[in-house]
Structure formats: structure tokens, C-alpha cells
Amino acid sequence: MRLLPDICQLCNFAGDWIVSHLMGNIENILIVGAGSCVGGIARYAVSRVIASSAHSVFPWGTLAVNVAGCFLIGLVYGYLDRGGYMSDWLRLFLTVGFCGGFTTFSTFMHENFLLFGSPDYMLLAAYAVVSILAGFGMLYLGFAAMRVF
């Protein structure tokens, strides 16, 4: 019966930690949450539109949002790297919030897992390699574009 007091103590500790570490940053939490909300809605919309027009088992919608999200985060960090000013709240909104809600690494991994169960391993390899290389390439392009403009 010692388990229940231990669980209560753990819950009290977790609650105290949340209040002391997160509630002081409630504005940042709301900014990230708003960005995540917008990014998640955009991810759903873009991936559905692409998937419905692709007529393929290949996850084109997820690939598109991951590559576009990499490009966007590259633009933001490229802009900041060249000395561009962006408020902390806008940086949080765009990078942690919007890009975090828009890109879909967990979905990407799940779709790789599903493709792993299919007999066509080349499809799995193509999806994983193209996603990683195109994502890195678009991040670099976004970063480089901000150095030019």
C-alpha cells in the first residue's frame, strides 16, 4: 500500500516543477502553442490535398510538409544568422511552434514502419533517403537564400 503515497508524492513534485519552471514562461508556452496549432492545421491541409491528388501508396503529403518545413526553418535561421532581427516571440512562434506543428517526424517514422512491412523495400529506402536528403537540401537552400537577400 506504499505505492499510493509514492504516486501522490510524485504528482506533487511534478506539479511543483510545472508551476515553478513553466508558469513563469506562460507567454512563451502560449506562443509555441499557437504556432503549433497553426502549423498542425497547415500540415493536415497540405498533406490531405497532396495525398488526395497523388493517388499513390507513397506518402507524398508527409514528404511535402517535411521538406517545406525544413525550408522554412532554414529561412528563419538563415535570416537570423545574417544579423536579421526577429523578436523572441516570433522566432518561437515560427520555429518551435509552427515548424514543430507543421513537420511530422513521428508520422514520417510511422510511415517508414508501415512501408517496412510491405514487400517493396525499395519504396521504404527511397522514401527515407529522399526525405532526409531533400529535407537537408531545403534547409540549406532556405539558409543560403537568406544570405543572398
Side-chain angles (χ1 to χ4, degrees), residues 6-118 123-149:
D6 288 344
I7 291 173
C8 291
Q9 186 177 6
L10 180 62
C11 290
N12 285 334
F13 173 78
D16 290 345
W17 187 88
I18 289 170
V19 168
S20 65
H21 288 86
L22 297 180
M23 296 311 283
N25 295 317
I26 194 70
E27 181 178 293
N28 289 346
I29 291 168
L30 293 174
I31 289 167
V32 169
S36 295
C37 178
V38 173
I41 292 168
R43 176 184 69 222
Y44 178 77
V46 170
S47 64
R48 288 295 113 214
V49 167
I50 292 172
S52 67
S53 63
H55 306 294
S56 170
V57 73
F58 191 83
W60 290 109
T62 302
L63 177 63
V65 296
N66 283 341
V67 170
C70 289
F71 181 70
L72 178 60
I73 207 163
L75 285 173
V76 171
Y77 283 118
Y79 175 75
L80 294 171
D81 184 66
R82 72 171 197 172
Y85 172 76
M86 184 178 295
S87 67
D88 288 342
W89 73 264
L90 183 57
R91 182 186 51 78
L92 274 175
F93 180 88
L94 291 174
T95 59
V96 179
F98 183 84
C99 287
F102 186 67
T103 59
T104 56
F105 192 74
S106 59
T107 302
F108 166 71
M109 291 308 298
H110 181 252
E111 288 169 344
N112 275 285
F113 179 76
L114 294 175
L115 291 172
F116 183 77
S118 77
L123 190 60
L124 166 65
Y127 181 53
V129 169
V130 168
S131 293
I132 291 167
L133 292 178
F136 184 80
M138 293 304 285
L139 187 146
Y140 178 79
L141 281 175
F143 191 88
M146 294 313 295
R147 288 189 171 195
V148 173
F149 299 101

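Computed from heavy atoms alone, side chains included, the values below leave out hydrogens, waters and symmetry copies.
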Trainee: Are the side chains of Ser118 and Leu114 in touch, meaning some heavy atoms are under 4.5 Å apart?
Mentor: no
Trainee: Looking only at heavy atoms, which two atoms of Met146 and Leu75 are closest? And how far apart?
Mentor: CG-O, 3.0 Å
Trainee: Is the backbone of Gly78 close enough, under 3.5 Å, to the side chain of Arg147 for a donor and an acceptor to pair up by distance?
Mentor: no
Trainee: Heavy atoms, side chains only, cut-off 4.5 Å: are Phe108 and Asn112 in contact?
Mentor: yes
Trainee: Taking the six-membered ring for Trp, are the ring centroids of Phe113 and Phe116 within less than 6.0 Å of each other?
Mentor: no
Trainee: Identify the heavy atoms of Leu80 and Arg91 that sit nearest to each other, and give their distance.
Mentor: CD1-CD, 3.7 Å
Trainee: How far apart are the closest heavy atoms of Phe71 and Leu141, and which atoms are they?
Mentor: CE1-C, 4.0 Å
Trainee: Can you tell if the side chain of Trp60 reaches within under 4.5 Å of the side chain of Leu63, non-hydrogen atoms only?
Mentor: yes
Trainee: Quick one: pull up CG in Leu92 and CG in Leu30 and give me the separation to the nearest 0.5 Å.
Mentor: 11.5 Å
Trainee: What heavy-atom pair brings Tyr77 and Phe143 nearest, and what distance separates the two atoms?
Mentor: O-CE1, 3.6 Å
Trainee: Less than 4.5 Å apart, side chain to side chain, heavy atoms only: is that true for Phe105 and Asn66?
Mentor: no
Trainee: Taking Ser131 for the side chain and Ala128 for the main chain, is one N or O donor matched with an acceptor at less than 3.5 Å?
Mentor: no
Trainee: Of all the heavy-atom pairs spanning Thr62 and Ser47, show the shortest one and how long it is.
Mentor: N-CB, 4.3 Å
Trainee: Are any of the side-chain heavy atoms of Phe98 and Leu72 separated by less than 4.5 Å?
Mentor: yes
Trainee: Does a side-chain heavy-atom distance below 4.5 Å link Ile73 with Thr103?
Mentor: no
Trainee: What pair of heavy atoms forms the shortest contact from Cys70 to Gly135, and how long is it?
Mentor: CB-O, 3.2 Å
